[in-house]
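Reading through the structure tokens given below for one structure.
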Amino acid sequence: MSLFNDTRSRRLALLSFGSRYPRSIGRLIEMNLPPYTVFPTIAGDNISLREIMPADIKDLVEISFYDSVQAITVQEATEMQAKIDKDYVDGNSIHWGIAHKTTNKIVGTCGYYRGFDKGEGELGCVLLPHYRGQGYMTSAMVLAIQFGLHTIGLKRIWASTSQHNLGAIKLLEKINFIKVANLDGQEVEYELR
């Protein structure tokens with residue numbers, strides 16, 4: 001069984017990157033965009049990236065966001081997850097739960113949230129406070145990066161964060177991202193090198 005639904009997922013994207021990628025202008029690049037026939041689960045040493053199920057939502061309220069707005073209630077988190085699921089079905093994003101390898105409990109989330117139409121992906125992540133500093137996010141980001149490069153076919157992976165979020169900046173630099181821009185509102189943009 002193919003991972004990709006040929007009618008929606010195997011799309012040809014004509015990428016025009018401008019002067020930043022001069023050799024790519026007008027080049028036809030095949031990308032394997034969501035949605036997939038089977039939602040991809042990616043196994044690592046200590047975590048796996050898997051689909052978020054309705055039963056997971058109650059544990060994720062404090063880290064549920066959509067368009068930079070945080071959920072306060074289970075109902076809001078459920079509504080946000082429905083929007084995220086629609087973005088996936090529409091081929092605009094992919095959002096995984098980061099599952100603890102032993103318990104399968106979701107300890108955080110990560111995924112690509114925009115940029116597919118340009119052959120790139122904005123990688124975002126959030127981890128429940130109790131699980132920070134244990135290597136889960138590093139593992140999740142590395143798995144997501146490999147999926148983005150080798151399965152989706154992204155040509156650029158980037159992330160943005162607050163310039164005050166030193167933990168996120170340290171993580172990004174650890175996994176080979178470099179700062180490429182200062183954005184409005186004290187945000188900074190990093191790009192995978």
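Residue numbers count from 1 along this sequence.
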* Show your reasoning for whether side-chain contact (heavy atoms from CB on, under 4.5 Å) applies to Q81 and D85. => CA-CA 6 Å; Q81 186 62 43; D85 291 345; 2.9 Å; yes

* To do: Give the C-alpha distance, both sets of side-chain angles, the deciding distance and a yes or no for side-chain contact (heavy atoms from CB on, under 4.5 Å) between R50 and D56.
  => CA-CA 11 Å; R50 68 164 174 84; D56 298 318; 2.9 Å; yes

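Ring to ring, W96 and F147 are close: their centroids are under 6.0 angstrom apart. Aromatic ring centres of Y112 and H95: separated by at least 6.0 Å.
At a threshold of 4.5 Å between non-hydrogen side-chain atoms, the residues I52 and T109 count as touching. The side-chain heavy atoms of S162 and E187, taken from C-beta on, include a pair separated by under 4.5 Å. Counting heavy atoms from C-beta on, the side chains of L154 and F116 come closer than 4.5 Å. Two residues are said to be in side-chain contact when any heavy atoms from C-beta on lie closer than 4.5 Å; I47 and M137 fail this criterion. Proximity of I106 to I98: side-chain heavy atoms (C-beta onward) are nowhere separated by under 4.5 Å. Contact check for L127 versus V107: side-chain heavy atoms found under the 4.5 Å cut-off. By the 4.5 Å heavy-atom criterion applied to side chains, L192 and L123 are not counted as neighbours. Inter-residue side-chain proximity for I169 and Y190 is flagged as met; some heavy-atom pair is nearer than 4.5 Å.
Ring planes of Y136 and Y131: perpendicular class, angle over 60° (limits at 30 and 60°).
Counted by atom type alone, S139 and N46 present one or more donor-acceptor pairs between their side chains at under 3.5 Å.
To the nearest 0.5 angstrom, S64 atom OG is 7.0 Å from I84 atom CD1. Distance check, rounded to the nearest 0.5 Å: NE2 of H150 to CD1 of I152 gives 11.5 Å. Atom CG of residue L172 and atom OG1 of residue T161 lie 7.0 Å apart, to the nearest 0.5 angstrom. N165 contributes atom CG, which lies 12.5 Å from atom NZ of K170 (distance to the nearest 0.5 angstrom). Distance check: N176 CG to R193 CZ gives 9.5 Å after rounding to the nearest 0.5 Å. The CD atom of Q146 sits 8.5 Å away from atom CD1 of I157, with the distance rounded to the nearest 0.5 Å.
Minimum heavy-atom separation, A144 to L49: N-CD1, 3.9 Å. Of all heavy-atom pairs between E122 and S160, the closest is OE2-OG, 3.4 Å. Nearest heavy-atom pair across E76 and Q70 is OE1-O, 4.4 Å. Contact detail for A77 and V61: the closest heavy-atom pair is CB-CG2, 4.1 Å. The minimum heavy-atom distance between P129 and E62, with the atom names listed, is CD-OE1, 3.4 Å. What you find for V69 and M80 is that their closest heavy atoms are O-CE, 3.2 Å.
Ion pairing of D90 with K83 is absent here, as no side-chain N (NZ or NE/NH1/NH2) approaches a carboxylate O to less than 4.0 Å. Of the charged side-chain nitrogens involved, at least one lies within less than 4.0 Å of a carboxylate oxygen, so that E191 and R156 count as a salt-bridged pair. Taking the charged nitrogens against the carboxylate oxygens, K105 and D59 do have a contact shorter than 4.0 Å, which makes a salt bridge.
Q134 contributes a side-chain N or O that, together with a main-chain N or O of H130, makes up a donor-acceptor pair within less than 3.5 Å. Although no hydrogens or angles enter the test, the distance criterion places no donor-acceptor pair under 3.5 Å between the side chain of D87 and the main chain of N92. Without hydrogens or angle criteria, K101 side chain to G44 main chain gives a donor-acceptor distance under 3.5 Å. The backbone N or O of T151 sits less than 3.5 Å from a side-chain atom of N32, completing a donor-acceptor pair. The backbone N or O of Y36 lies less than 3.5 Å from a partner atom in the side chain of Y88, making a donor-acceptor pair.
Tracing side-chain contacts under 4.5 Å through hydrophobic residues (I, L, V, M, F, W, Y), one never reaches Y113 starting from F39; they form parts of separate clusters. Neither V74 nor M53 shares a network with the other; the hydrophobic side chains, linked directly or stepwise wherever heavy atoms of I, L, V, M, F, W or Y lie under 4.5 Å apart, form separate groups for each. The hydrophobic cluster containing I57 also contains V89, counting ILVMFWY residues as joined when their side-chain heavy atoms lie under 4.5 angstrom apart, directly or transitively. The hydrophobic cluster containing L171 does not contain W158, counting ILVMFWY residues as joined when their side-chain heavy atoms lie under 4.5 angstrom apart, directly or transitively. Taking hydrophobic clusters as Ile, Leu, Val, Met, Phe, Trp and Tyr residues chained together by side-chain heavy-atom distances below 4.5 Å, L128 shares a cluster with L143.
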